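Everything below concerns the one structure shown next.
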Amino acid sequence: MNGTLTFLGTGTSMGVPTVGCPCTVCNSADPHDRRLRPSILVRWTESDSAAERLVVIDTGPDFREQALREHVMHVDAVFYTHAHADHILGLDDLRPLSFIAEKRGGPIPLYADVEVAQVLERIFEYTFSPEATYPTRARVRLVPLSERNPVHGVEFVRVPLVHGAQPIAGFRFGNAAYMTDVSGIPETSFALLEGVEVLVISALRHTPHPSHATLEQSVAWSQRIGARQTWFTHIAHDLSHAATNRSLPENIQLAYDGLSVPVKL
Ligand SMILES: [Zn+2]
Ligand SMILES: [Zn+2]
């Protein structure tokens, strides 16, 4: 099936511009230097029912603005990579979409590792607690992430990654993969990435960081994985879009908010 991968946001946890920062990238006039918190949307039309399907990976603090910008009218499933604020704090903005989902058959499934689900249950206690009484709480249900997670004909394969000291999830779907907040890739995960043609991987900045790969490390992984096209995301304000892309090979580039690329699912 033909599908589309859309970058809802390509920024690091603080977003770009970063609050209180006087740097040149934060004051850039280039719209590609404005980066909301990291998230993607995968969209396809199911071949048998002709239904349009939408899957979101992570709902960060900018999710509302991103969903409005991309005219998201429903969501079929959400996958979570890990439970840091820049990836989960927009969960409550699923509420209007979850009311639509409920009318169409049921709550929105949220796929998450058990440890991630525990954090979601704690932070959004008023949504998940069996005693929750808040009448307009999100109609969502947590689904434990498996190695392979089918959603309306597309399999989302969990790709184990490392983020500092923490194991987190990346995802392979069709000929594409989304791997954010990466500081390490276990050797066994490379087998899950064989044949990936569209790779999205995080690349924070040039300066080393304890839980994020540098641009140089991500270039090396991209070359090893060998996708036809690699897009970098989770980008800090250290990297100017235009100047950084001029320094990179043509098939390894910084993505930008709102970029949509075709994928095979
Ligand atoms: Zn992050
Ligand atoms: Zn800055």
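Throughout, residue positions are numbered sequentially from 1 according to the sequence presented. Order of listing sets the numbers, starting from 1, for every ligand and every atom in it. On a predicted model such as this, the values are computed, not experimentally measured, just so you know.
- Nearest to the Zn ion (ligand 2), among the N, O or S atoms that H237 has, is ND1.
- For H212, every N, O or S atom stays at 2.8 Å or more from the Zn ion (ligand 1).
- Checked options H163, H212, H84; the residue passing with H234 is H212 (criterion: ring-ring contact (aromatic ring centres under 6.0 Å, His included)).
- Note: W231 and F7 have perpendicular aromatic rings, judged against thresholds of 30 and 60 degrees for the angle between ring planes.
- There is no side-chain donor-acceptor pair under 3.5 Å between N245 and H32.
- Taking the six-membered ring where tryptophan is involved, the planes of Y111 and F79 are essentially parallel, since the angle between them stays under 30° and well short of 60°.
- Distances from the Zn ion (ligand 1) to the N/O/S atoms of D86 are shortest for OD2.
- Of all N, O or S atoms in D181, the one lying closest to the Zn ion (ligand 1) is OD2.
- Considering CZ of F128 and CD of E121, their distance stands at 7.0 Å, rounded to 0.5 Å.
- For a distance bound of 2.8 Å, the N, O or S atoms of H234 include one lying that close to the Zn ion (ligand 1).
- Draw a line from the Zn ion (ligand 2) to SG of C23 and another to SG of C26, and the angle between them is 110° (to 10°).
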